[in-house]
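Convention: sequence-line order gives letters A, B, ...; per-chain numbering from 1.
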Protein chains: 2
Amino acid sequence: MRWDQLAEDDCPVARALSVIGDRWAALILRDALRGVTRFDAFHARLGCSRAMVAKRLAELVDQGVFELRAYQDHPPRHDYVLTDRGRALGPIVMMMAQWSETWLPQRRSSPLRRRHKDCGQLFQPVLVCSECREPVEPGRVEYPDLAPSRRRATTDRQGQSA
Amino acid sequence: MRWDQLAEDDCPVARALSVIGDRWAALILRDALRGVTRFDAFHARLGCSRAMVAKRLAELVDQGVFELRAYQDHPPRHDYVLTDRGRALGPIVMMMAQWSETWLPQRRSSPLRRRHKDCGQLFQPVLVCSECREPVEPGRVEYPDLAPSRRRATTDRQGQSA
DNA sequence: AATATGAGTTTAATTATTGAACCCACTATG
DNA sequence: CATAGTGGGTTCAATAATTAAACTCATATT
């Protein structure tokens, strides 16, 4: 299976990955969410080849994650500005950061702080259930459309709790 | 910059991507969260080469996302079972699905339903602020540790050095 | 025996990515 | 004026990653 076939996949996770399931695309998005808009700024932060930056930015524009906003005409130049669709990817990136901070050994610097503009406080992202508004703990989700029981491996040794 | 250097990066998003920033790793994780535990089952769902499945599974075991649980000894065989660390990646995958369902054109089948075991209802994942418990809307986050203002497209080069 | 299963490994061919240099249209400096 | 610098790329040869298909190995089933 090739990259571009993911976009045709029936699974929404696969289709999301056709957009951000590449390390460079995801890192470009991270930087864009922090305010980067220029080619050279992306390149400087990413540390990958210029060709890669150009290619991924072009793909992300095609996918409607970025739009081009001209900031000068004569040598035509533009900013890469996130669209609504692109900004909506923010929660995925926030959950990645959150997972890292919780589960991976920390590197040197203190984690990047985030402020919620609505309440003014520094915060952590928390994923809650749309119905009961309680945090959704790992392992407390099931998929009624899949095989009768999701936790069962033919020869079951022991279910783990969680 | 190479793949393996991401793990050393100072940014938590980059470090998370060193684990799941690859389409196959992310799809393996998706399937694991839905209950898949066997090599051939991952391979059948992914549609990539067996070599790739073997490699990614081995990496994910190294990174502590999966652990091996033997289910027979003589030809030694095992299930790939998510660890706590691995299960904690669930919210990232849920937010990916959520984004797809909201922002990408739908394919044929109805989206996979999720049930929250704590309240028993079908739900959507919602990302809220840990402080005020309100949903964090796109664009309502700022980063006080970055350059004074994160949104400037027309104001040019200010020294910043993150 | 012969076939099947589960979990990989090997190999050659194909793709993707890199680093470095190059290009273009301007702007600023001497 | 001549030269260098900037922003945003493209091109190209070399290197790395990925693929499909075949192969291995131990055991189970027919």
Side-chain angles (χ1 to χ4, degrees), chain A residues 1-7 17-18 20-28 31-32 36-62 66-81 153-157, chain B residues 1-7 17-18 20-28 31-32 36-62 66-81 152-160:
Chain A
M1 188 198 260
R2 289 193 324 282
W3 209 181
D4 49 322
Q5 300 193 334
L6 266 191
L17 288 168
S18 75
I20 49 152
D22 168 90
R23 54 185 171 295
W24 302 129
L27 288 171
I28 284 173
D31 290 337
V36 172
T37 60
R38 301 275 169 95
F39 184 95
D40 276 10
F42 286 116
H43 178 239
R45 286 159 175 271
L46 264 49
C48 65
S49 67
R50 299 177 69 76
M52 184 80 289
V53 179
K55 191 173 179 209
R56 287 289 176 269
L57 281 173
E59 287 168 2
L60 290 166
V61 169
D62 282 351
F66 285 107
E67 62 188 10
L68 301 178
R69 178 123 63 206
Y71 67 87
Q72 85 180 25
D73 285 328
H74 258 317
R77 292 290 179 261
H78 44 260
D79 288 301
Y80 291 89
V81 180
T154 351
T155 332
D156 200 331
R157 265 300 151 101
Chain B
M1 187 197 261
R2 289 192 323 282
W3 211 180
D4 49 321
Q5 300 193 334
L6 266 192
L17 289 167
S18 75
I20 47 152
D22 168 271
R23 54 184 171 293
W24 302 128
L27 289 171
I28 283 173
D31 290 337
V36 173
T37 60
R38 301 276 169 96
F39 184 94
D40 276 10
F42 286 116
H43 179 238
R45 286 158 174 270
L46 262 50
C48 66
S49 67
R50 300 178 69 76
M52 183 81 288
V53 179
K55 191 174 178 208
R56 287 287 175 270
L57 281 173
E59 287 168 0
L60 290 166
V61 169
D62 282 352
F66 285 108
E67 62 188 11
L68 300 179
R69 179 123 61 206
Y71 68 88
Q72 85 180 22
D73 285 330
H74 257 316
R77 293 288 178 261
H78 43 260
D79 288 301
Y80 290 88
V81 181
R152 35 118 239 182
T154 39
T155 321
D156 266 336
R157 53 207 163 265
Q158 300 287 46
Q160 30 67 31

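Within the 4.5 Å cutoff, side-chain heavy atoms of F39(A) are placed close to those of R50(A). Considering only heavy atoms from C-beta on, L57(A) comes within 4.5 Å of F66(A) through its side chain. With contacts defined as side-chain heavy-atom distances shorter than 4.5 Å, the pair K55(A)/W24(A) does not qualify.
Rounded to an integer number of Å, the gap from H78(A) NE2 to dG8(D) P is 7 Å. Atom pair W24(B):CH2 and dA20(D):C1' shows a separation of 13 Å (rounding to whole Å applied). Distance CG (L46(B)) to C1' (dT19(D)): 14 Å, rounded to an integer number of Å. Across the protein-nucleic acid pair, R69(A) atom CZ and dG7(D) atom C1' stand 19 Å apart, rounded to whole Å. Atom P of nucleotide dG8(C) and atom CG of L57(B) are separated by 7 Å, given to the nearest angstrom. Between the C1' atom of dT15(C) and the CE atom of M52(B) lies a distance of 14 Å, rounded to the nearest Å. Here dA17(D) presents its P atom at 10 Å from CD of E59(B), a figure rounded to the nearest Å. One atom, CZ of R23(B), and another, C1' of dT17(C), lie 12 Å apart when rounded to the nearest Å.
Note on H43(B): nothing from the nucleic acid sits closer than 4.0 angstrom, heavy atoms only. Within 4.0 Å (heavy atoms only), Y80(A) reaches sugar-phosphate atoms of the nucleic acid but no base atom.
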> Are E67(B) and V61(B) close enough, and set up right, to give a side-chain contact (heavy atoms from CB on, under 4.5 Å), and what steps lead you there?
Replying inline: CA-CA 6 Å; E67(B) 62 188 11; V61(B) 169; over 6 Å; no
>> Each nucleotide in nucleotides 22-30 of chain D should get exactly one letter: B, S or -. Can you fill that in based on protein heavy atoms under 4.0 Å?
In response: B----S---
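Here the side chain of D40(A) is nearest to one of dG8(C), dT18(D), dG7(D), namely dG7(D). When each of dT18(C), dT19(D), dG8(C) is scored by its nearest atom to the side-chain atoms of F39(B), the top-ranked nucleotide is dG8(C). Side-chain proximity of R38(B) to dT18(D), dA7(C), dT17(C): nearest is dA7(C). Closest approach to the K55(A) side chain among dG6(C), dT17(C), dG9(D) is made by dT17(C) (side chain taken as heavy atoms from C-beta onward).
D79(A) contributes no side-chain N or O that, together with a main-chain N or O of V81(A), makes up a donor-acceptor pair within less than 3.5 Å. Q72(A) contributes a side-chain N or O that, together with a main-chain N or O of P75(A), makes up a donor-acceptor pair within less than 3.5 Å.
A salt bridge links R56(B) with D22(B): the distance from a Lys NZ or Arg NE/NH1/NH2 to an Asp or Glu carboxylate oxygen falls below 4.0 Å.
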